[in-house]
Amino acid sequence: MAQTEKLAAAPIPGPRVVRDVVGVILIIAAGLAGFWLFPDNLALLTRVIAVALLVLSIDLVVGYCGVATLGQAALFGAGAYAAGIACVNGVTEPLTLILIGAVAGAVAGLLMGTIMLRAHGLAQLVLSIAIVQLFHEAANKASAYTGGSDGLAGLMVGPLFGVFEFDLWGQTAYLFGLALLVVIFIVLKFVVSSPFGMLCRGIKEDPIRIGAMGAFVFPVLLKMFVISGAVAGIGGALAAISTQVVGLDSLSFELSANALVMLVLGGLGSLYGALVGTVIFMGFEHVVSAINPFHWMTMVGALLIAVVLAAPGGLSGLADRVLPSRQRNRGGRA
């Protein structure tokens, strides 16, 4: 009887928890499927994971906080260059390099957030573009540390846990990146579902009302910027470790713009949309550019227009609209 009462009193996991568990399992399954199905393209898949971390970081500030930004590549590049410079100077342990990238990205996020959050709307967007251009030019001028336009090349990364070498085929780098993505995704799910995450959503909807309720808007948004910077910095460090090269393209405005397009394609404010948009955009780009190397951007543009017109909320928003309708139909038939 006592055991029966305990089981009856135990909380039943809600549908959101079940959905998140299934989502994580699907991410792991898709990652392992990519490892087995595309063994010759693991370098590209690792790049997809690194960019996915960048898109996740954008979702934190755009999708959950409503902050307009086109400069997130500054945080990605800060993590990449920090890991690369550390590696050149003798730090070769992969997890340490990832930690260095996370710290560099968080510091860059703190600086960027402090500047951007003083403005609102279009002014924020302009400031973010100015910041990423300043980071790009600073990296170009500090050639003694960054290699300038030539970049940092030949990074000699040590084996993971002293056992798993970063081989030419990219197997270790890919599995390492997949593990990082899964862990970070789970952590971010807890962050956005916490009271802090709910407060960020409230600020996005009505910052004046949240301020009138006694919450301090600026510190909350700045904290999310730091978290976002750490995630983007990890993505940059992963890119540096996997390619063993860090170039100015990691600080480019084009990378920021493409990452924002990937987020819009997948859907804002769900985290799943960031992953879906990154995979579809980069996969479509890779296939189409191989078929038609001269006009592939036209086809990518057509895809984006079609998705935005058919699903203004992104592909994840389209799935959210379709699935509940199916559930209602099933319930009606029952």
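The chain is numbered in sequence order, starting from 1. What you see below is based on every heavy atom in this structure, not just the backbone, and it leaves out hydrogens, waters and symmetry mates.
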I'd like a table of donor-acceptor pairs (distance under 3.5 Å, sequence neighbours excluded) in which one partner is a side-chain atom from residues 208-237, with atom names and distances.
| unit_1 | atom_1 | unit_2 | atom_2 | d |
| --- | --- | --- | --- | --- |
| S228 | OG | S57 | O | 2.7 |
| S228 | OG | Q72 | NE2 | 2.5 |

**OP:** Begin from the C-alpha positions of V55 and T278 and carry the test side chain to side chain contact (heavy atoms under 4.5 Å, CB included) through to its verdict.
**Re:** CA-CA 7 Å; V55 181; T278 304; 3.3 Å; yes

Original post:
Could you walk me through whether F35 and L45 pass the side chain to side chain contact (heavy atoms under 4.5 Å, CB included) check?
Top reply: CA-CA 9 Å; F35 180 81; L45 296 181; over 6 Å; no

Original post:
Step by step, would you call I100 with V91 a side chain to side chain contact (heavy atoms under 4.5 Å, CB included)?
Top reply: CA-CA 10 Å; I100 291 173; V91 181; 4.1 Å; yes

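The backbone N or O of D20 sits nowhere less than 3.5 Å from a side-chain atom of K189 that would complete a donor-acceptor pair. Of the possible polar contacts, one joining the T146 side chain to the A139 backbone as a donor-acceptor pair under 3.5 Å is found. Distance alone, capped at 3.5 Å, places no donor-acceptor pair between the S242 side chain and the A173 backbone. Judged by distance alone, with hydrogens and angles left aside, the side-chain atoms of Y174 form a donor-acceptor pair with the main-chain N or O of G31 at under 3.5 Å. Judged by distance alone, the side chain of S128 and the main-chain N or O of L70 form a donor-acceptor pair under 3.5 Å. Judged by distance alone, the side chain of T46 and the main-chain N or O of L42 form a donor-acceptor pair under 3.5 Å.
A donor-acceptor pair shorter than 3.5 Å cannot be found between the side chains of Y272 and D59.
Taking CE from M198 and CD1 from I203, the interatomic distance works out to 13.5 Å, rounded to the nearest 0.5 Å. Rounded to the nearest 0.5 angstrom, L178 CG and I28 CD1 are separated by 7.5 Å. Atom CG of L180 and atom CG of L53 lie 7.0 Å apart (nearest 0.5 Å). L188 CG to L181 CG: the interatomic distance, rounded to the nearest 0.5 Å, is 9.5 Å. Between the CG atom in L251 and the CZ atom in F76 there is a gap of 9.5 Å [rounded to 0.5 Å]. Taking CG of L160 as the reference point, atom CG of L95 lies at 5.5 Å (rounded to 0.5 Å).
Proximity of E137 to K141: side-chain heavy atoms (C-beta onward) are separated by under 4.5 Å at one or more points. Considering only heavy atoms from C-beta on, F284 stays 4.5 Å or farther from V279 through its side chain. The shortest side-chain heavy-atom distance between C87 and L97 falls under the 4.5 Å cut-off. A heavy-atom distance below 4.5 Å is found between the side chains of Q124 and L117. Inter-residue side-chain proximity for F253 and H136 is flagged as unmet; no heavy-atom pair is nearer than 4.5 Å. The closest side-chain heavy-atom distance from V182 to I27 is below 4.5 Å. Inter-residue side-chain proximity for V192 and L60 is flagged as met; some heavy-atom pair is nearer than 4.5 Å. Contact check for I98 versus I241: side-chain heavy atoms found under the 4.5 Å cut-off.
The two residues L152 and G147 come nearest to each other via the heavy atoms CD2-N, 4.2 Å. Between G109 and L75, the shortest heavy-atom distance links the atoms N-CD2, 3.4 Å. Closest of all the heavy-atom pairs between L125 and T69 is CD1-N, 3.8 Å. Between G158 and P94, the shortest heavy-atom contact is O-CG, 3.4 Å. In terms of heavy atoms, A240 sits closest to V246 at CB-CG2, 3.5 Å. Nearest approach of G273 to S270, heavy atoms of both residues: N-OG, 2.9 Å.
Clustering ILVMFWY residues whenever any of their side-chain heavy atoms sit less than 4.5 angstrom apart, transitively, puts L134 in a cluster other than the one holding Y81. Clustering ILVMFWY residues whenever any of their side-chain heavy atoms sit less than 4.5 angstrom apart, transitively, puts L122 in the very cluster that holds M112. L275 and V264 are members of different hydrophobic clusters when ILVMFWY side chains are connected at heavy-atom separations under 4.5 Å. Cluster annotation: I58 and V48 are assigned to the same hydrophobic cluster (Ile/Leu/Val/Met/Phe/Trp/Tyr, side-chain heavy-atom contacts under 4.5 Å, transitive). Hydrophobic clustering of Ile, Leu, Val, Met, Phe, Trp and Tyr side chains at less than 4.5 Å, counting indirect connections, keeps V51 apart from V245.
Applying the side chain to side chain donor-acceptor pair (under 3.5 Å) rule to E93 yields the partners T96; only residues at least two apart in sequence or on another chain are considered. Not a single ring-ring contact (aromatic ring centres under 6.0 Å, His included) links F166 to another residue, sequence neighbours left out.
For F190, the CZ atom is loosely surrounded, since the number of other residues' heavy atoms within 6.0 Å does not exceed 12.
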